[in-house]
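A quick write-up on the structure given underneath.
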There are 2 protein chains.
Amino acid sequence: MMPPRTLASAAAREPDPSRRNNLSLLTSLVHHHGVLSRAQLTRHTGLNRSTVGTLIGQLVTLGLVYETAPAGEGQVGRPSPNVHPSPSVAALAVNPEVDAVTIGLVSLGGKVQKKIRFDTERIPSAREAVNIASAVIAGMRSELDTSYRITGIGMAVPGLVNRDDGVVRHAPHLGWRNEPVARMLSEATGYPCQAANDASLGAEAELIFGAGAGQGNLIYLNGGASGIGGGIISDGQLLRGASGYAGEIGHTFVRSGGKSCHCGATGCLETEVSQSRLLELAGLSRGDTADLEKALATSSSAEVNDEVARQLMFLDIALRNAVNIFNPEAIVLDGFLGTLYALAPESVDGVLLSQAMDGPAGQVKIYRAALGSDLMMIGAAELAFTPFLADPAGLGTTTRTAPAAG
Amino acid sequence: MMPPRTLASAAAREPDPSRRNNLSLLTSLVHHHGVLSRAQLTRHTGLNRSTVGTLIGQLVTLGLVYETAPAGEGQVGRPSPNVHPSPSVAALAVNPEVDAVTIGLVSLGGKVQKKIRFDTERIPSAREAVNIASAVIAGMRSELDTSYRITGIGMAVPGLVNRDDGVVRHAPHLGWRNEPVARMLSEATGYPCQAANDASLGAEAELIFGAGAGQGNLIYLNGGASGIGGGIISDGQLLRGASGYAGEIGHTFVRSGGKSCHCGATGCLETEVSQSRLLELAGLSRGDTADLEKALATSSSAEVNDEVARQLMFLDIALRNAVNIFNPEAIVLDGFLGTLYALAPESVDGVLLSQAMDGPAGQVKIYRAALGSDLMMIGAAELAFTPFLADPAGLGTTTRTAPAAG
DNA sequence: GCAGAATTGTTCTAGACCCAAACATATTAT
DNA sequence: ATAATATGTTTGGGTCTAGAACAATTCTGC
């Protein structure tokens, strides 16, 4: 009879929860900070330095981090080596939009190694978006297999996404309904895949690497061609809600008797504050946020100014609500909402201070987004990094399954 | 030379984080469920049954739980003894209101052992409220010292409370501003004291013991004589925000050009939906929620019905916003908001389903609050139980300091 | 330059803790 | 009554972390 556990299989034994937890802590710190000395890691974790030594040794052996010679300057005492995230550990990111599908490769530490934008003639269907993504990934396959260890694929979708099963419940601007995109892409590529709302992932990216770095409570609002999306971080955690739908600040009520919205209600922020109306008034029949920013900075039309003031007023109402409800440290405005804010920052700050409640309003700061076009890639990749970071030593176990034929 | 750690002092050594975490897990489970068999605890925690045996043994020795003979019915196999929270472990609860200060004694498991309502002639000042509370507690002192182990005092205040330092930033209906009530009561009684917003604590109480039991995401809204308070639970955690001010759903914007509110804005839920206006229209010059419920159930006045419909409309808007932003599983309505809801539940449910977004609206359920008048006591006590539950074995270390003279 | 202080890596040991296995116990099913 | 099932109890082993002692490396003061 075979003994229940041979020596060979013992190598794959999973570690104690305590060890897993500590490895997770260290890996996450390195991922979020980019570089940290071993001494800094010791202080951040509160672990003994002998323990940190052992753990880092294991992470180096696993190829998840590497150490470099200490800079050796300024400090008294023996210099501490720097610990870096391994660039060969990476996640794939996919972001379907109305006019393109962008695929990215993001390595540990949040560095975007590759970004490929595939412009589409028309709005892509879910099947088309999956096909485009899997084709691009197939093209990178040999490089991925030789030079990277891929933790999985994260997909950032502009719409309501059930985070548990990766089904897009409704993406109005893409015209998708009940599309199981995570499963589709997973079957097409063989990589584990997860999907979430794009603005939620943007919030996470800005929290970890961007304007809100270090804050525990922030609200991220993104205004784009297809409306306003939002993500909320509370106590360092993204608000998910029962099914991962949380964060739809774009559908905050801001006006009695306002226009009716595709969501079924009236007077939503998204219908009253829109980029397309601003573009129109600025005389830009077609254009994106960058064009708008230029046009508004130079425009002196009263009509444009009135519309800007009107939209700012509604934005103020939504922000006031959000501040009262969440008491955040920071609000990060991205896309054309950042543009709007930049036109009258003192006014927005002032209205917020006077209209929101005493306590919460006093400490909130408004920022423009910092990560630019890499944001969605970083956020989507984070979706694939999260399970890896929870159990870094278990990476080898989630092997890629064979992709479906066809 | 003395050795660095004598045998005598070794007895007070603190356990490993792992042990502390497991003890915390078990104690919390017993506290929240009231009674659980050891077998159930084994399943819930995922720990080995030998480990659970050791841990329960330690908790019994510490006097935090006790075991009773198994019921012995139905199940195959050896019966598993029941584990109960010790009623001698308790927290004090204090709830100042405009017309009274209520002091309670709540034992582990959320059982209210005592509740003393001290009616005041006029609105109590912070100092008066503290004096009343400390006097009542002084009266119970001998009983507390002999029969209970007190984890601390929790204070539920109707207003903005900074949870970190226990300072009431602003309680408009009490007329308090920047009152360090937690420190005041702690100095007066010698017990550690924490303070928080009353509705936030109500939300936690309803989550753990009441209508939302078992849910991870719920919104609690309470309507009383002094306005509308709210608390939000996300992923099993109360939303605190940067300073513990989060949850002010009462100041959601629901009406353009609405009345101005004491908070500085206009069109707040709290100004448009108010108990006092309903009482007035119902012909009750003075009265509370119970009176209102009776009056509305029998009233056939068109004026009253119109006002009810109007208030329900605004409540709908606030609920729609909240559902879009939080994607909760449950909304719990307390006070006169529960009364309002009971007048037309299908209508509210229907409006919510059509006005809120597809995904989040589909799964939310609205409940009336379940805990009644014990709610505030249980919620406030939870504030004092939380640090205890995080480290149950450390209870003995937080000894009461000598109360200030006077 | 050189001695001393300061800080951190490294090695070794011991203690805490959890799990698994074997055994014991109590109840239901046949 | 006997078997099956579920659970408490005891014991031994392996993992993991902290702590102490020592080594390494840099800065400071003279």
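Labels below follow one simple rule: chain letters A, B, ... track the order of the sequence lines, proteins then strands, and each chain is numbered from 1.
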Grab the [atom1]-[atom2] distance between [X] and [N] for me, whole Å please.
X	N	atom1	atom2	answer
R19(B)	dG15(C)	CZ	P	17 Å
I56(B)	dC18(C)	CD1	P	13 Å
Q75(A)	dG9(C)	CD	P	12 Å
R43(A)	dT8(C)	CZ	C1'	10 Å
D16(A)	dA18(D)	CG	P	14 Å

Exercise for the section: Just say parallel, tilted or perpendicular for the rings of H84(B) and Y66(B), cut-offs at 30° and 60°. Expected result: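 Parallel.
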
Practice task
Ignoring the backbone of R78(A), work out which of dC17(C), dT8(C), dA26(C) is nearest its side chain.
Solution key: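 Among the listed nucleotides, the one closest to the side chain of R78(A) is dT8(C).
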
Exercise for the section: Scan side-chain atoms only and decide if S50(B) and N48(B) contain a donor-acceptor pair under the 3.5 Å cut-off. Expected result: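 Checked: S50(B)/N48(B) side chains pair up, N/O donor to acceptor below 3.5 Å.
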
Problem - Heavy-atom check, side chain of R163(A) versus side chain of L383(A), under 4.5 Å - result: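 SC-SC contact between R163(A) and L383(A) confirmed.
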
Handout entry: Distance test, side-chain N/O of S18(A) to OP1/OP2 of dC18(C), below 4.0 Å
Key =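 False: S18(A) side-chain N/O out of range (4.0 Å or more) of dC18(C) OP1/OP2.
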
Exercise for the section: Step through the shown structure and confirm whether more than 12 heavy atoms of other residues, nucleotides or ligands are within 6.0 Å of CD on Q237(B). Expected result: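 Counting other residues, nucleotides and ligands, CD of Q237(B) stays at 12 neighbours or fewer.
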
Handout entry: With R183(A) via salt bridge (Lys or Arg N to Asp or Glu O under 4.0 Å) - residues at least two apart
Key =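 Per chain and number, R183(A) pairs via salt bridge (Lys or Arg N to Asp or Glu O under 4.0 Å) with E187(A).
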
Exercise for the section: Under the salt bridge (Lys or Arg N to Asp or Glu O under 4.0 Å) rule, collect the residues that match up with D165(B), sequence neighbours excluded. Expected result: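 In terms of salt bridge (Lys or Arg N to Asp or Glu O under 4.0 Å), with neighbours along the sequence ignored, D165(B) is linked to no residue.
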
Practice task
Could you check T42(A) against L47(B) and say which one's nearest nucleotide on DNA chain C is further toward the 5' end?
Solution key: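 Taking each residue's closest nucleotide, the earlier one in sequence belongs to T42(A).
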
Practice task
Mind running a 4.0 Å heavy-atom check of residues 21-40 of chain B against DNA chain C and sending the residues that fall below it, in number order?
Solution key: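 Within residues 21-40 of chain B, the residues near DNA chain C are N22(B).
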
Exercise for the section: Specify the residues of residues 48-55 of chain B, ordered by number, for which at least one heavy atom lies under 4.0 angstrom from an atom of DNA chain C. Expected result: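 Under 4.0 Å from DNA chain C: N48(B), R49(B), S50(B), T51(B).
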
Would you give me the side-chain donor-acceptor pairs under 3.5 Å for residues 22-30 of chain A, sequence neighbours excluded?
unit_1 : atom_1 : unit_2  : atom_2 : d
S24(A) : OG     : L389(A) : O      : 2.6
T27(A) : OG1    : L23(A)  : O      : 2.6
S28(A) : OG     : S24(A)  : O      : 2.8

Problem - Those residues that, when tested against H33(A), pass side chain to side chain donor-acceptor pair (under 3.5 Å) (two or more places apart) - result: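 With sequence neighbours excluded, H33(A) shows a side chain to side chain donor-acceptor pair (under 3.5 Å) to no residue whatsoever.
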
Practice task
Return the minimal non-hydrogen interatomic distance between R149(A) and L62(A), and the atom names on each side.
Solution key: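 Scanning both residues, the minimum pair turns out to be NH2-O, 2.7 Å.
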
Exercise for the section: With heavy atoms under 4.0 Å as the rule, sort P81(A) into base, sugar-phosphate or nothing. Expected result: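 Sugar-phosphate contact only - P81(A) comes under 4.0 Å of backbone atoms but never of a base.
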
